[in-house]
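Worksheet: one structure, shown below.
Just so you know, residue 1 is the first one in the sequence shown, and it goes up from there.
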Amino acid sequence: MKKSTLVTVLSTMADGVIVTDPKGKILLANSAAENLFDFRESKAIGKPLIEVVINHEIDNLLTKCLSTYSKRIAQVDTTTGLFLRVIAVPLRPGNISGALLLFQDLTEMRSLQTMRREFVGNVSHELRTLWRL
């Protein structure tokens, strides 16, 4: 795949992508990741992931992925109110060594599930109240 094609794919993705080296320093990030964590790729390159995402759960997930060379998945609440599914995949030595992190924003889905749960609880309460009359 050509580099220009890869750049186009990454820039149009809705999910955030960050690629790190084996020490957890950022090599690449797409615009969705920049928006999720409010940073600019140009200033993040070469910095440890924790300095950019400022989330210890995500940093621990990356550390486990890099140390065990195994895929890791977690759901994480951020301090900015986002609810993210984070998938960390190790990149085997070759062209690039390190890890790829994929960030899926599940905030809206979680909010809808909460509203549904509250609605069902309210309807259930109203029905029990009506049956008592």
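- L91 CG to C65 SG: the interatomic distance, rounded to the nearest 0.5 Å, is 8.0 Å.
- Looking at L101 and T20, their side chains come closer than 4.5 Å, going by heavy atoms from C-beta outward.
- Side chain of N55 to backbone of T78: no donor-acceptor contact under 3.5 angstrom is found.
- Rounded to the nearest 0.5 angstrom, I54 CD1 and F39 CZ are separated by 10.5 Å.
- Taking all atoms of both residues into account, the shortest heavy-atom contact from L27 to I45 is O-CD1, 3.1 Å.
- For the atom pair NZ of K25 and CD of E51, the computed distance is 9.0 Å after rounding to the nearest 0.5 Å.
- The two residues F103 and L36 make their nearest non-hydrogen contact at CB-CD1, 3.7 Å.
- Linking ILVMFWY side-chain heavy atoms closer than 4.5 Å, directly or via other members, places I50 and L100 in two distinct hydrophobic clusters.
- A distance-only check finds no donor-acceptor pair linking the side chain of R72 to the backbone of L66 [under 3.5 Å].
- Across all non-hydrogen atoms, the minimal contact from A99 to L62 is CB-CD1, 3.6 Å.
- The shortest side-chain heavy-atom distance between D105 and L84 falls under the 4.5 Å cut-off.
- The only member of L28, V52, I18 that meets side chain to side chain contact (heavy atoms under 4.5 Å, CB included) when paired with E41 is L28.
- No donor-acceptor pair closer than 3.5 Å links the side chain of D59 to the backbone N or O of V53.
- Distance CD1/I58 to OG1/T63: 12.0 Å, rounded to 0.5 Å.
- Note: I87 CD1 to Q75 CD = 9.5 Å, rounded to the nearest 0.5 Å.
- For the residue pair S97 and P22, the shortest heavy atom distance occurs at O-CD, 3.2 Å.
- Smallest separation of non-hydrogen atoms from L61 and A74: CD1-CB, 3.9 Å.
- In plain terms, the two heavy atoms of S67 and K64 that are nearest each other are OG-O, 3.3 Å.
- A distance of 8.5 Å separates CE in M13 from CD in Q104, rounded to the nearest 0.5 Å.
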